[in-house]
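Scroll down for the structure; my scribbles are underneath it.
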Amino acid sequence: MRLVAPLAALVAAATALTLAAPAQAAAAPTVKISRIWYDSPGSPDFGANSSLNGEYVQIKNTGRSAVNLSGWTVRDETARADHVYTFGRFTLRAGKTVTLRTGKGRDTSTTLYWGRSGGGTFAYIWNQTKDTGYLRNARGQLVHKCSYNSSRHAYKDC
């Protein structure tokens, strides 16, 4: 009889642990890098604007509310300051995607331009075989990153 009481207590404790609600997983970011097109058609071609704009990163808001991206940054693995794009005044609506193209153009609600030109092949941001894109909020906190390591494809869906 002495063993029955401790055994019953052990069974009750195990049952309580089994029935406890599972811990919540870390919430996925609602704003994320959804695609990096790193091998633009015709590149490297010494940085023609059409080729630079064929290289881009897409940022998607998968949440249910708009997100103010003002002050957020996108960058690659390069430590160079000119490889950092900082969003100006920009709000990404719920469920929408913005395409950030490397070259020059006129910003719209769906397409932004890094504004790079000149420098030949050095004007490109994304390496053609291996790189990582980083998305940080205005406080500098990492929100999402996407890496690729392939010369067999022209883009990476994240």
Side-chain angles (χ1 to χ4, degrees), residues 17 20-158:
L17 287 174
Q24 293 294 331
T30 58
V31 177
K32 61 179 242 161
I33 298 170
S34 59
R35 174 178 281 178
I36 300 175
W37 195 289
Y38 53 87
D39 190 4
S40 67
S43 70
D45 65 354
F46 304 108
N49 193 56
S50 60
S51 182
L52 287 170
N53 283 333
E55 176 184 88
Y56 60 83
V57 59
Q58 291 182 316
I59 310 297
K60 183 170 181 71
N61 180 355
T62 61
R64 293 180 153 190
S65 57
V67 176
N68 180 359
L69 297 184
S70 303
W72 287 44
T73 60
V74 172
R75 71 171 305 136
D76 73 339
E77 284 188 350
T78 306
R80 294 174 32 186
D82 66 337
H83 276 238
V84 178
Y85 175 85
T86 302
F87 284 88
R89 188 177 152 162
F90 188 82
T91 300
L92 186 56
R93 295 182 310 183
K96 299 298 181 183
T97 298
V98 63
T99 300
L100 173 58
R101 296 187 179 277
T102 300
K104 292 184 174 187
R106 193 176 70 96
D107 291 346
T108 68
S109 63
T110 59
T111 305
L112 300 174
Y113 294 87
W114 206 299
R116 294 180 59 83
S117 65
T121 59
F122 293 107
Y124 294 95
I125 294 294
W126 308 105
N127 296 330
Q128 290 185 332
T129 58
K130 179 182 177 187
D131 210 341
T132 300
Y134 299 93
L135 176 65
R136 295 185 183 275
N137 65 21
R139 294 183 306 267
Q141 298 167 319
L142 182 64
V143 174
H144 192 244
K145 71 179 183 175
C146 177
S147 297
Y148 58 89
N149 185 7
S150 175
S151 59
R152 294 182 307 152
H153 304 283
Y155 65 92
K156 164 75 175 185
D157 285 330
C158 308

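Index from 1, following the sequence. Treat the numbers as computed from the prediction; the structure is a model and nothing was measured.
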inquiry  = Give me the atom names and distance for the closest heavy-atom approach of Asp157 to Arg35.
reply    = OD1-NE, 2.7 Å

If you look only at distance, which donor and acceptor atoms sit under 3.5 Å apart when one is on a side chain in residues 84-97 and the other is two or more places apart or in another chain?
none

Exercise: do Thr111 and Tyr56 side chains pair donor with acceptor under 3.5 Å = no

ask   = Closest approach of Gly118 and Ala123, non-hydrogen atoms and distance?
value = O-CB, 3.0 Å

ask   = Distance from Lys130 atom NZ to Ser147 atom OG, nearest 0.5 Å?
value = 8.5 Å

query = Rounded to the nearest 0.5 Å, what separation is found between the OG1 atom of Thr102 and the OH atom of Tyr124?
reply = 9.0 Å

message = Give me each pair satisfying disulfide bond (SG atoms under 2.5 Å apart) with a member in residues 88-122, each pair once, sequence neighbours excluded.
response = none

inquiry  = Check whether Asn127 reaches the backbone of Thr129 with its side chain - one donor and one acceptor, N or O, closer than 3.5 Å.
reply    = no

request  = Kindly determine whether Val57 and Ile33 satisfy side chain to side chain contact (heavy atoms under 4.5 Å, CB included), including the steps that lead there.
outcome  = CA-CA 7 Å; Val57 59; Ile33 298 170; 3.7 Å; yes

inquiry  = According to side chain to side chain contact (heavy atoms under 4.5 Å, CB included), who are the partners of Lys156, at least two apart in sequence or on a separate chain?
reply    = Tyr38, Cys146, Tyr148, Cys158

inquiry  = For the CZ atom of Arg101 and the CD atom of Gln58, what is their distance to the nearest 0.5 Å?
reply    = 8.0 Å

key: Criterion side chain to side chain contact (heavy atoms under 4.5 Å, CB included) against Ile59, the qualifying member of Thr99, Leu100, Val98   = Val98

task = Using the side chain to side chain donor-acceptor pair (under 3.5 Å) rule, collect all pairs that involve residues 64-80, keeping only residues at least two apart or in two chains.
result = Asn68-Ser70, Asp76-Thr78, Asp76-His83, Glu77-Thr132, Arg80-Asp82

task = Nearest 0.5 Å please: distance from the CG atom of Leu135 over to the OG atom of Ser34.
result = 10.5 Å

ask   = Among Leu112, Asn137, Asn61, Val31, whose side chain to side chain contact (heavy atoms under 4.5 Å, CB included) with Leu69 holds?
value = Val31

task = Kindly say whether Ser51 contributes a backbone atom to a donor-acceptor pair with the side chain of Ser40 at under 3.5 angstrom?
result = yes

query = How far apart are the closest heavy atoms of Leu52 and Arg116, and which atoms are they?
reply = CD1-O, 3.4 Å

message = Once ring-ring contact (aromatic ring centres under 6.0 Å, His included) is applied, what residue pairs with a partner in residues 126-147 remain, sequence neighbours excluded?
response = none

ask   = Does any pair with a residue in residues 98-133 pass disulfide bond (SG atoms under 2.5 Å apart), and if so which ones, sequence neighbours excluded?
value = none

